There are 2 protein chains.
Amino acid sequence: MKQHECSISFCDKCAFETNSVFKYLTRDEIERLNYEKDFRLYKRGDILYNEGNRISGFYCINSGIIKVFKTGIDGKEQIIRFARRGEIIAYRSVLSNESACTSAKVVEDCQVCFIPSELLIQFVKNNPAFSFEMIKLTCHELAEANSYITDIAQKTVRERLAEVLIQLVKDFGIDDQKYLRISLTREELANIVGTATESVIRLLSEFKTDKLIELNGRRIKVLDVKGLNKISNIII
Amino acid sequence: MKQHECSISFCDKCAFETNSVFKYLTRDEIERLNYEKDFRLYKRGDILYNEGNRISGFYCINSGIIKVFKTGIDGKEQIIRFARRGEIIAYRSVLSNESACTSAKVVEDCQVCFIPSELLIQFVKNNPAFSFEMIKLTCHELAEANSYITDIAQKTVRERLAEVLIQLVKDFGIDDQKYLRISLTREELANIVGTATESVIRLLSEFKTDKLIELNGRRIKVLDVKGLNKISNIII
DNA sequence: TAAAAAACATGCTAAATATCACTTTTTTAT
DNA sequence: ATAAAAAAGTGATATTTAGCATGTTTTTTA
């Protein structure tokens with residue numbers, strides 16, 4: 001990961017390509033980040049950190065997909081969000097100096113950078129523009145969480161599953177054959193929606209019957225986003 | 001609300017008594033706050049702002065209780081949180097410069113201060129210590145939201161109602177006769193738990209039969225917090 | 001303080017969802 | 001490539017929860 005002095009550094013490149021929050025760091029700060037980061041590889045199923053862990057830093061995802069989840073009753077996961085290229089995870093715990101309130105596990109093989117806590121805290125304390133962006137980021141996540149609470153509380157499982165599929169299309173996109181660019185098990189889908197695995201299986205079959213999707217093993221082909229939208233009953 | 005120059009100002013007093021985030025403002029800043037705030041009175045049922053509104057400032061609650069909620073299907077409210085003395089609402093919308101993602105309505109008669117947006121933004125941009133506290137505040141709310149998502153997704157209505165009652169005891173306390181210091185309608189309770197009003201009514205009756213609570217109209221006497229804890233199945 | 005409105009309560013029924021048990025298919029690892 | 005493990009799928013059933021109708025009580029307001 002060493003770069004020529006004159007060339008654009010790894011972090012600089014990543015920050016600008018992904019429009020990440022690090023775009024708001026100064027030149028010096030981003031070079032410091034580039035120097036101090038620890039580049040790591042993870043495979044599907046690997047755990048980055050567990051709920052309750054005291055963590056000494058946070059992660060910026062360079063490639064791959066990570067699920068962030070809480071562990072509930074009988075060890076059942078509740079997926080809170082996914083993180084992908086350019087996004088950071090575990091920053092909440094670093095900033096509030098608390099142990100992790102979620103766990104993070106690799107969904108699709110990842111390249112991530114581990115960044116020591118002190119660095120984030122220094123950036124936040126010394127760079128108001130960056131600090132402001134961090135606030136915005138957190139506020140944005142908060143708004144999303146609030147919406148999700150309302151959805152889970154008020155919508156049926158069918159509506160939520162449709163909504164989750166739409167959201168996955170928005171976040172990860174579909175390829176030229178309309179296949180969703182993220183591969184999740186039925187159990188993982190159930191752990192986003194907040195329902196039983198069997199319920200997801202049954203509803204996906206229904207959606208298939210209704211020609212909204214097609215199923216090829218774990219791959220989901222999204223045929224009718226409008227139809228899913230209608231089912232999901234999205235407000236406003 | 002005018003004070004002697006030499007005396008402690010209204011905002012100064014409030015900030016220190018309540019340990020609010022404004023404690024981290026400088027002397028000058030807090031006097032500026034004190035000068036620019038607009039003190040207002042609201043009665044139960046009054047609306048401070050509605051979801052979707054562009055807002056020109058945020059609110060600091062001096063007394064009373066406000067519910068912050070989202071409006072879901074068929075206008076059903078989902079209560080996200082309550083705000084009371086020393087707490088601020090609508091700051092998220094101000095900081096992210098978005099329209100309000102929630103509505104705020106008075107639950108118990110309130111004295112609140114309205115504070116113009118610019119002031120908060122200036123404080124955040126110029127005072128790193130304050131900014132850091134705002135980040136912590138947001139992170140804390142985010143952690144709570146994530147927990148709540150997991151609860152709603154995984155727990156039964158019965159478990160959630162028990163948990164909500166415990167949380168209300170923690171947040172608002174009980175008086176010498178063990179009556180909860182917040183008075184909510186059954187519908188409002190249902191809108192926290194995320195269930196139908198009838199379900200809350202039935203479950204409260206069950207809790208009463210099981211000697212966990214007593215009901216006197218809208219007032220709830222909490223007899224057995226341990227019992228409620230057991231029902232709520234709180235993790236860790 | 002009386003009338004109106006809102007909230008509370010309860011029984012009945014229907015719908016949604018979870019759970020269990022088991023088979024088949026797909027994926028993973030040797 | 002094949003055995004083992006994991007995931008997907010399905011049917012039957014139980015449980016939970018919602019929805020509706022209706023009567024009662026409490027609260028609000030004129």
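What you see below is based on every heavy atom in this structure, not just the backbone, and it leaves out hydrogens, waters and symmetry mates. Chain letters run A, B, ... following the sequence lines, proteins first, then strands; residues in each count from 1. Just so we're clear, the structure is a prediction, and the values are computed from it rather than from any experiment.
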Using only heavy-atom distances, decide whether a donor-acceptor pair under 3.5 angstrom links the side-chain of A:R202 to the base of C:dT19.
yes

Have a look at A:T197 and say if it touches a base, only the backbone sugar-phosphate, or nothing, with a 4.0 Å heavy-atom cut-off.
nothing

Would you indicate, yes or no, if D:dT16 has its OP1 or OP2 atom less than 4.0 angstrom from a side-chain nitrogen or oxygen of B:T156?
no

Using both distances under 3.5 Å as the test, list the Watson-Crick or G-U wobble partner of D:dA30, or none.
C:dT1

Taking atom types as they are modelled, would you say the side chain of A:E198 forms a donor-acceptor pair with the base of C:dC20 within the 3.5 Å cutoff?
yes

Nearest to the side chain of A:S205 - C:dT10, D:dT10, C:dA18?
D:dT10

Out of C:dT10, C:dT17, D:dT17, which nucleotide sits closest to the side chain of A:V157?
C:dT17

For atom CD1 of A:I220 and atom C1' of D:dA7, their distance in whole Å
14 Å

Between residues 172-192 of chain A and DNA chain D, which residues have a heavy-atom gap below 4.0 Å?
A:T185, A:R186, A:E187

Distance check needed: C:dA7 C1' versus B:L204 CG, whole Å only.
13 Å

With the side chain defined as heavy atoms from C-beta on, B:S199 is closest, among D:dT17, C:dC8, D:dG9, to D:dT17

Just how far, in rounded Å, is P of D:dA7 from CZ of A:R219?
17 Å

In whole angstrom, give the distance that lies between atom CG of A:L215 and atom P of D:dG9.
6 Å

I need the CD1-P distance between B:I213 and C:dC8, as an integer number of Å.
13 Å

